[in-house]
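See below for the structure under consideration.
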Amino acid sequence: MTTTHRMAAAPGRPQQGPAPSGGSEPRAVGSVGARVWKLGADIDTDVLAPGHAMKHGIDVLARHCLESVRPDFVAGVRKGDVIVAGPNFGIGSSREQAAAVLVRLGVAAVIAPSFSGLYFRNAFNLGLLLLTCPEADAIGEGEGITLNEQTPSVTTAQGRVLACDPIPPFLLDMVRAGGLMNQLRARFGKELLHG
């Protein structure tokens with residue numbers, strides 16, 4: 001049974017080996033004018049990282065992201081764009097490639113009322129920001145929005161502020177570092193991770 005996530009779990013053990021995408025680039029807090037791609041509820045990991053493409057590397061796999069529900073996504077997505085979805089985003093298998101493809105495509109964040117627990121942790125481990133927003137449905141397709149990770153909140157193009165569930169500081173630190181592996185490299189040095 002898949003559980004949905006509205007709050008982060010306590011930190012677990014670090015991943016063994018690098019993530020499929022290597023994580024994201026370190027980034028500053030906040031995002032202004034992010035363009036929205038709107039999706040429905042129950043977007044599963046097979047829609048994000050289709051099984052038929054799993055034998056390929058992350059670059060090829062990313063080209064198939066969301067092809068069954070948004071065939072225009074890969075060709076149109078730009079760095080800094082945001083996905084807004086319905087409840088239960090990331091349900092299905094535990095494949096971390098389902099978060100890695102969004103990182104590879106430059107998606108800045110995913111906003112949804114709830115997330116699969118496994119997807120939630122995989123995304124933060126790779127440096128992908130997830131905002132749990134009960135009113136995510138109020139955000140429109142193609143809209144330019146502003147994210148505030150500190151509050152956390154989303155401001156719509158019309159100026160409406162939508163509150164999001166709090167994000168534990170250790171998860172925000174992971175996003176700023178570009179993922180868990182980048183955070184560990186910065187903290188302990190490359191020799192401890194590769195030696």
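Just so you know, these numbers come straight off a predicted model, no measurement behind them.
Taken from CZ in Arg104 to CG in Leu126, the straight-line distance is 10.5 Å, to the nearest 0.5 Å. Going from atom CG of Leu130 over to atom OH of Tyr119 covers 6.5 Å, rounded to the nearest 0.5 Å. Once rounded to the nearest 0.5 Å, the distance linking CZ of Arg187 with CG of Asn182 reads 12.5 Å. In this structure, CH2 on Trp37 lies 9.5 Å from CG on Leu66, to the nearest 0.5 angstrom. To the nearest 0.5 Å, the span separating CZ on Arg63 from CZ on Phe73 amounts to 15.0 Å. Remark: Leu180 CG to Arg185 CZ distance equals 9.5 Å, nearest 0.5 Å.
No donor-acceptor distance shorter than 3.5 angstrom exists from the side chain of Asn88 to the backbone of Ala41, with no hydrogens or angles considered. Side chain of Ser153 to backbone of Val161: no donor-acceptor contact under 3.5 angstrom is found.
When hydrophobic clusters are built by joining Ile, Leu, Val, Met, Phe, Trp and Tyr residues whose side-chain heavy atoms come closer than 4.5 Å, directly or via intermediates, Val103 is not grouped with Val60.
For the salt bridge (Lys or Arg N to Asp or Glu O under 4.0 Å) test, residues two or more places apart in sequence or in another chain that qualify with Arg35 are Asp81. Under the rule for a side chain to side chain donor-acceptor pair (under 3.5 Å), the partners of Thr151 that lie at least two apart in sequence or sit in another chain are Asn148. When the salt bridge (Lys or Arg N to Asp or Glu O under 4.0 Å) test is applied to Asp44, no partner is found at least two apart in sequence or on another chain. Every residue two or more places apart in sequence or in another chain was checked for a side chain to side chain donor-acceptor pair (under 3.5 Å) with Asp137, and none qualifies. Residues forming a salt bridge (Lys or Arg N to Asp or Glu O under 4.0 Å) with Glu135 (at least two apart in sequence, or on another chain): Arg160.
Asn122 places none of its side-chain heavy atoms less than 4.5 Å from the side chain of Phe115. Contact check for Ile111 versus Leu147: side-chain heavy atoms found under the 4.5 Å cut-off. Side-chain atoms of Glu143 and Lys38, non-hydrogen and from C-beta on, never get closer than 4.5 Å to each other.
Nearest heavy atom pair, residue Asn125 against residue Met174, reads OD1-SD, 3.5 Å. When every heavy atom of Ala112 is checked against every heavy atom of Ala136, the shortest pair comes out as CA-CB, 4.1 Å. Here the shortest heavy-atom pairing between Thr45 and Gly90 reads CG2-O, 3.5 Å. In plain terms, the two heavy atoms of Pro152 and Pro166 that are nearest each other are CD-CA, 3.9 Å. Across every non-hydrogen atom of Cys133 and Leu162, the tightest pair is SG-CB, 3.8 Å. Closest approach of Leu129 to Ala108, counting heavy atoms only: CB-O, 3.7 Å.
Tested against Leu128 for a side chain to side chain contact (heavy atoms under 4.5 Å, CB included), the candidates Val175, Val101, Val110, Ile83 yield a single pass: Val110.
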I'd like to know whether Ile167 forms a side-chain contact (heavy atoms from CB on, under 4.5 Å) with Phe124, so could you lay out the CA-CA distance, the side-chain angles of the two residues, the decisive distance to 0.1 Å, and finally the verdict. CA-CA 11 Å; Ile167 302 170; Phe124 279 95; 4.1 Å; yes

What donor-acceptor contacts under 3.5 angstrom involve side-chain atoms of residues 46-58, with partners at least two apart or in another chain?
residue	atom	partner	partner atom	Å
Asp46	OD1	Gly51	N	2.8
Asp46	OD1	Arg95	NH1	3.2
His52	NE2	Glu67	OE2	2.7

